[in-house]
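These notes are about the structure you will find just below.
Proteins get letters first, then strands, A, B, ... in listed order; numbering begins at 1 in each.
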There are 2 protein chains.
Amino acid sequence: MTRSLDRLTLLETFVRIAERGSISAAARDLGLSQASASRQLADLEERLGTQLIIRSTHHLSLTKAGERCLGDARLMLAEWEGFAEGFAGDADRIAGPLKIVAPVALGQTVALDCAMAFQAAHPDIVLDWIVDDAPIRFSEVGCDLWLRVGAVPDETLIVQPLAKVQRIVVAASGLAGSVDGDPQALTALPCAALHPFEGGRLPLTGPSGEATNLDARVTFASNSIAATKRVAIAGGGYAVLPRWMVAEELEAGTLIEPLPGWRAPPLTIHAAFAPARRQTRRLRLFIDAMREALAGLA
Amino acid sequence: MTRSLDRLTLLETFVRIAERGSISAAARDLGLSQASASRQLADLEERLGTQLIIRSTHHLSLTKAGERCLGDARLMLAEWEGFAEGFAGDADRIAGPLKIVAPVALGQTVALDCAMAFQAAHPDIVLDWIVDDAPIRFSEVGCDLWLRVGAVPDETLIVQPLAKVQRIVVAASGLAGSVDGDPQALTALPCAALHPFEGGRLPLTGPSGEATNLDARVTFASNSIAATKRVAIAGGGYAVLPRWMVAEELEAGTLIEPLPGWRAPPLTIHAAFAPARRQTRRLRLFIDAMREALAGLA
DNA sequence: TCGCGTCATACGTTAAACGTATAGCAAATT
DNA sequence: AATTTGCTATACGTTTAACGTATGACGCGA
């Protein structure tokens, strides 16, 4: 009987090497010698009959086969973990890493509060919290959960809606004081537009369900919602922003709602994660907690 | 760094033990000593933190956890195999076991011919060919492919249609010689019905698309299509049978078609197999070959 | 040029998986 | 009832391969 080191351990080592871009760094992370890590990678390559990583002394890169292997390896490792977790005697212990990418605005406010509360409730969870509004390459980042406002541009992922975000038109009173509830008056004003949700057209729904689609004179465009909000506060243009995000400014009068009762199309916050037949309990619980926390944004 | 024997190897050993119901028999199959097999099972139980198999000297049985583990273990092993196969350098070599359950009639004729041709083309394939008309418990049998006429009563499986089977009314001429193309005349004759496809009602479609639904006087019922055919030949009743299955008898005059041009509802032959993100190449190729072979039955 | 960090590999050491042997048990056979 | 057969678990010495240390070749930056 030929013995073999654990194939799943070989995959773990490979994934860590790919993520760190260095055999030595991965070895340190995993508590191995550099020589062992190097040999395990070679062992995996031999088993699969193909080269996965192109080596050089200062730069490792994945082959095409290595890229495919990375995605599959992660899934198989996640499946083992979900599987083994399903038998664990200690059903109450929630532990292990969670790497999460969240949008900047939510990731520094509501979602972050939720994540901190989750960690306080489960102290053995290790959170890796990344805020980023840009679309990520999920398979490269190696995260467990991607919180995303709007569409998730990756059809390989499982995408679940968590909450809808109510959006309204807001502006500084000096800019929009004369609008007086008339949507058409907006077309004369500058617009601070948020990529990729707003462009030259602005669909709105009124208090009685009436619809209109305004031309927007975009004078400022950004993919940063924080920047868009700041421009609106400074009077540089009206903006379409989530109500939760401008509640304080509306209360303080720093911003007004020039079209009371009118709504821009709501956006959906999605949870996106890799398909595996069993998700780890900590991920499932985290998603549930996040769904509950975001429910108040509607 | 603690070394560990391959977790996937532990799963393989467990699956074989469960299938054979004996640690010793599994050890012989796998080329291990009985002691090693016993230890590997104990090792897996220790890793998962739960007992999987209840031991006795003459009868092993799975615990509840063991039953769940069996299904998941098979899937994870299949996923590794599909994964590793995707990297194999020798893309042309088709090898390994295929365990297939087929309906009795097809499994002794057309489908068997196809399977034998497939094996002749790929001699390294090991076929385990089981004919059985009864519904199987897929997860217990541990087969790769279930060929099934009609519905597949297991929603956990991937089910793909392979072919439609054209069915006609046939009878011995001594019984049905006076029917003379009139469907209603059938209601006076005894019917040999095949479970679960025929009962007291017989829907038929005529040559011009006209539909009728006859009362069937069932005097013989069986779940065996071969028995039903035999009764028809012997003049014990008319039967609804696939055209492919009675072609010779029609040619020889042993059976006649009392309602030329009329059809019973066709049945679909399905291929059912376990979901895995990657199917082994041999299974994919086999299913393709079977689909092609059965295409002539319509 | 020098120093540092990288990866691959040789070599002796280590850890764990191996098979053989044995004991206890249950069922079938004589 | 006694014997035979086949089962599983475990002790023990053996075997195997994975381990870490050491070293050489290489590339990059100061």
In whole angstrom, what separates [X]'s [atom1] from [N]'s [atom2]?
{"X": "Leu32(A)", "N": "dA18(D)", "atom1": "CG", "atom2": "P", "answer": "13 Å"}
{"X": "Arg39(A)", "N": "dA17(D)", "atom1": "CZ", "atom2": "P", "answer": "14 Å"}
{"X": "Leu60(B)", "N": "dC25(C)", "atom1": "CG", "atom2": "C1'", "answer": "14 Å"}
{"X": "Leu5(B)", "N": "dA15(C)", "atom1": "CG", "atom2": "P", "answer": "18 Å"}
{"X": "Leu30(A)", "N": "dA18(D)", "atom1": "CG", "atom2": "P", "answer": "17 Å"}
{"X": "Leu41(B)", "N": "dC7(D)", "atom1": "CG", "atom2": "P", "answer": "16 Å"}
{"X": "Asp6(B)", "N": "dA17(C)", "atom1": "CG", "atom2": "P", "answer": "11 Å"}
{"X": "Gln34(B)", "N": "dT20(C)", "atom1": "CD", "atom2": "C1'", "answer": "11 Å"}

In Å and rounded to the nearest 0.5 Å, what is the [atom1] to [atom2] distance from [X] to [Y]?
{"X": "Phe286(B)", "Y": "Leu147(B)", "atom1": "CZ", "atom2": "CG", "value": "6.5 Å"}
{"X": "Leu98(A)", "Y": "Asp128(A)", "atom1": "CG", "atom2": "CG", "value": "9.5 Å"}
{"X": "Ile287(B)", "Y": "Leu145(B)", "atom1": "CD1", "atom2": "CG", "value": "5.0 Å"}

Just compare [options] and give me whichever is closest to any side-chain atom of [X].
{"X": "Arg28(B)", "options": "dA8(C), dC7(D), dT10(D)", "answer": "dC7(D)"}
{"X": "Ala35(A)", "options": "dA9(D), dC7(C), dT21(D)", "answer": "dT21(D)"}
{"X": "Arg55(A)", "options": "dA11(D), dA9(D), dA8(C)", "answer": "dA8(C)"}
{"X": "Gln40(A)", "options": "dA8(C), dC18(C), dC19(D)", "answer": "dC19(D)"}
{"X": "Ser22(B)", "options": "dA18(D), dC7(D), dA9(D)", "answer": "dC7(D)"}
{"X": "Ser38(A)", "options": "dC11(C), dC7(C), dA21(C)", "answer": "dC7(C)"}
{"X": "Ile23(A)", "options": "dC7(C), dA11(D), dT8(D)", "answer": "dC7(C)"}

Checklist entry - Touch check for Ser33(A), heavy atoms < 4.0 angstrom, all strands: base, sugar-phosphate only, or nothing? => result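 Base contact - Ser33(A) has a heavy atom under 4.0 Å of at least one base atom.
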Checklist entry - What nucleic acid atoms does Arg20(A) come within less than 4.0 Å of, heavy atoms only: base, sugar-phosphate, or nothing? => result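 Contact class for Arg20(A): none.
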Checklist entry - So, Arg148(B) side chain and Asp133(B) main chain: donor-acceptor pair closer than 3.5 Å or not? => result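 At least one qualifying donor-acceptor pair exists.
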Next on the checklist: Please determine whether side chain to side chain contact (heavy atoms under 4.5 Å, CB included) holds for the pair Trp146(A) and Asp132(A), giving the CA-CA distance in whole Å, both sets of side-chain angles, and the decisive distance to 0.1 Å.
Outcome noted: CA-CA 10 Å; Trp146(A) 185 19; Asp132(A) 193 344; over 6 Å; no
Item to check | N/O (side chain, Ser36(A)) to phosphate O (OP1/OP2, dA18(D)) under 4.0 Å | outcome: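 No, outside the criterion.
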Checklist entry - Has Ser24(A) got a side-chain N or O lying under 4.0 Å from the OP1 or OP2 atom of dC7(C)? => result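 True: Ser24(A) side-chain N/O within range (under 4.0 Å) of dC7(C) OP1/OP2.
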